[in-house]
Number of protein chains: 2
Amino acid sequence: MKKLPDKTVERLSQYRRSLLNCLANGKKHIFSHEIANLHHITPVQVRRDIMLIGYTGTLRKGYDIQELVDLIGEIIDTDEGQNVAIIGIGNLGRALVTYLQGKRSKLRIAAGFDINKDKVDRVYGGVQCYHIDQLEEIVKKENITIAVITTPADETQKISEMLVKAGIRGILNYTPTAINVPDHVYLEEYDMITSLEKVAFFVKKNSLTV
Amino acid sequence: MKKLPDKTVERLSQYRRSLLNCLANGKKHIFSHEIANLHHITPVQVRRDIMLIGYTGTLRKGYDIQELVDLIGEIIDTDEGQNVAIIGIGNLGRALVTYLQGKRSKLRIAAGFDINKDKVDRVYGGVQCYHIDQLEEIVKKENITIAVITTPADETQKISEMLVKAGIRGILNYTPTAINVPDHVYLEEYDMITSLEKVAFFVKKNSLTV
DNA sequence: ATTAAATTGTTATTTTATTAACAAAATTTT
DNA sequence: AAAATTTTGTTAATAAAATAACAATTTAAT
């Protein structure tokens with residue numbers, strides 16, 4: 001398979017979620033424009049994404065939802081699934097646990113980590129919380145490959161070094177501080193304040209031009 | 001001012017945050033490559049962004065941090081600031097309140113909304129929580145222009161219609177369900193599960209090719 | 001005083017992502 | 001049975017974003 005564009009990967013994940021929804025409602029087939037409407041994008045983009053993963057629908061009947069879901073699964077997921085650690089069991093960490101629960105995903109939150117003694121050794125939404133010092137040990141034991149950093153504090157770079165050392169292969173960083181990781185670790189960063197300021201900017205701009 | 005690219009707006013917000021940090025540490029000037037290092041991007045991109053907002057540094061001395069911060073503020077912020085509502089005072093909503101506190105931002109979280117009777121009329125991190133039925137009333141009273149949807153549930157489209165009706169001009173949607181809004185409302189959507197699945201995909205891919 | 005190094009600002013190029021265009025085939029309508 | 005419509009798959013065109021290239025200029029080094 002040729003290299004999938006970043007954005008296509010993101011959209012495939014989203015398609016799958018709404019396709020699972022359709023399946024749950026007893027729907028069997030779907031047209032590109034239906035998928036497009038669910039994600040307010042164009043039907044062409046949907047067809048192009050689907051083309052890129054080598055699936056073909058049937059003319060005038062659309063795509064077989066189950067087949068498409070399965071294929072997206074083959075592309076995105078690993079057979080055994082992947083284990084995720086949440087670093088920082090604050091509000092955001094707990095929100096993530098909630099969001100993932102019941103999503104019959106191949107991603108399993110296998111552990112949480114914190115420095116707060118009150119949180120360590122407790123269970124949050126079914127996730128055991130360990131002290132950050134146990135990181136390496138637990139990452140090995142639970143075969144964790146992915147970490148989500150949700151600490152509001154500014155220890156981020158230090159934490160990321162611990163993660164890399166422990167053998168983590170992908171990091172999703174929700175901290176406002178950007179971090180540096182070696183090439184073999186995939187890094188995705190997202191900053192909520194920036195998103196909010198972006199919305200604010202475009203609201204301001206629209207107000208001016210209207 | 002010519003139209004700023006989306007991505008430039010995002011980066012300006014991020015630059016400002018680290019520049020404020022520098023200021024707090026007593027730093028007065030900064031080079032493009034220093035800013036670049038803080039955000040692991042290239043110096044060219046930094047210079048280009050700064051060029052687009054019409055600021056010029058001094059050769060061999062870099063950019064005056066205070067001036068740059070002020071200019072970014074002029075571009076992103078409004079003079080009076082903007083008021084934000086959080087829809088859904090769950091974990092994610094509370095995380096946002098925490099993240100914004102003490103960030104001396106022009107964005108003020110003016111109200112929270114929920115349907116849970118236990119949450120209504122309480123104060124979370126300094127933010128008063130109202131029942132969702134009071135939305136229109138409070139939005140007018142507090143002059144709220146921006147809403148962040150952080151409900152995990154699937155009432156999203158209905159909520160977004162309420163927001164539009166109440167006069168909201170920009171929405172940041174953290175729900176996994178995409179929503180439709182009229183053209184005059186700016187919409188930004190972000191899906192945490194998708195980000196996580198994206199990381200998982202690239203971790204898998206790297207494992208295969210290495 | 002000359003040369004070398006560092007740094008900005010800007011234009012040009014390349015890459016990535018989106019949208020448009022359209023042929024091919026299945027179905028429906030006339 | 002022929003024509004019209006719908007829908008896919010794919011190539012071509014456009015737009016957006018990132019990177020490279022490089023002139024201009026200041027400072028530092030020789």
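Chain identifiers are assigned alphabetically (A, B, ...) following the order of the sequence lines, protein sequences preceding nucleic acid strands; residue numbering begins at 1 within each chain.
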Distance, rounded to the nearest Å, where [X] contributes [atom1] and [N] contributes [atom2]:
{"X": "B/Tyr55", "N": "C/dT8", "atom1": "OH", "atom2": "C1'", "value": "12 Å"}
{"X": "B/Leu52", "N": "D/dT19", "atom1": "CG", "atom2": "P", "value": "15 Å"}
{"X": "B/Asp64", "N": "C/dT7", "atom1": "CG", "atom2": "C1'", "value": "16 Å"}
{"X": "A/Ile30", "N": "D/dT8", "atom1": "CD1", "atom2": "C1'", "value": "15 Å"}
{"X": "A/Phe31", "N": "D/dT8", "atom1": "CZ", "atom2": "P", "value": "7 Å"}
{"X": "A/His33", "N": "C/dT19", "atom1": "NE2", "atom2": "C1'", "value": "18 Å"}
{"X": "A/Ile50", "N": "D/dG9", "atom1": "CD1", "atom2": "C1'", "value": "11 Å"}
{"X": "A/Asn37", "N": "D/dT7", "atom1": "CG", "atom2": "P", "value": "12 Å"}

Show me the donor-acceptor pairs within less than 3.5 Å that the side chains of residues 28-35 of chain B make with the rest of the protein, sequence neighbours left out.
| residue | atom | partner | partner atom | Å |
| --- | --- | --- | --- | --- |
| B/Ser32 | OG | B/Arg47 | NH1 | 3.3 |
| B/Glu34 | OE1 | B/Phe31 | N | 2.8 |
| B/Glu34 | OE2 | B/Lys27 | NZ | 3.1 |

Just the atom pairs and distances: protein N or O near nucleotides 10-17 of chain C's N or O, under 3.5 Å.
none

Using a heavy-atom distance cut-off of less than 4.0 Å, which residues of residues 187-199 of chain A contact DNA chain D?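 None - not one residue of the stretch has a heavy atom sitting under 4.0 Å from the strand.
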
When the C1' atoms of the five terminal pairs at each end define the local axes, what inter-axis angle does the helix from C/dA1-D/dT30 to C/dT30-D/dA1 show, to 10 degrees?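 About 10° separates the two local helix axes.
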
Results of ring-ring contact (aromatic ring centres under 6.0 Å, His included) for B/Phe113 - residues two or more places apart only: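 Partners of B/Phe113 under the ring-ring contact (aromatic ring centres under 6.0 Å, His included) test: B/Tyr130.
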
Got a list of protein N/O to nucleotides 23-30 of chain D N/O distances below 3.5 Å?
none

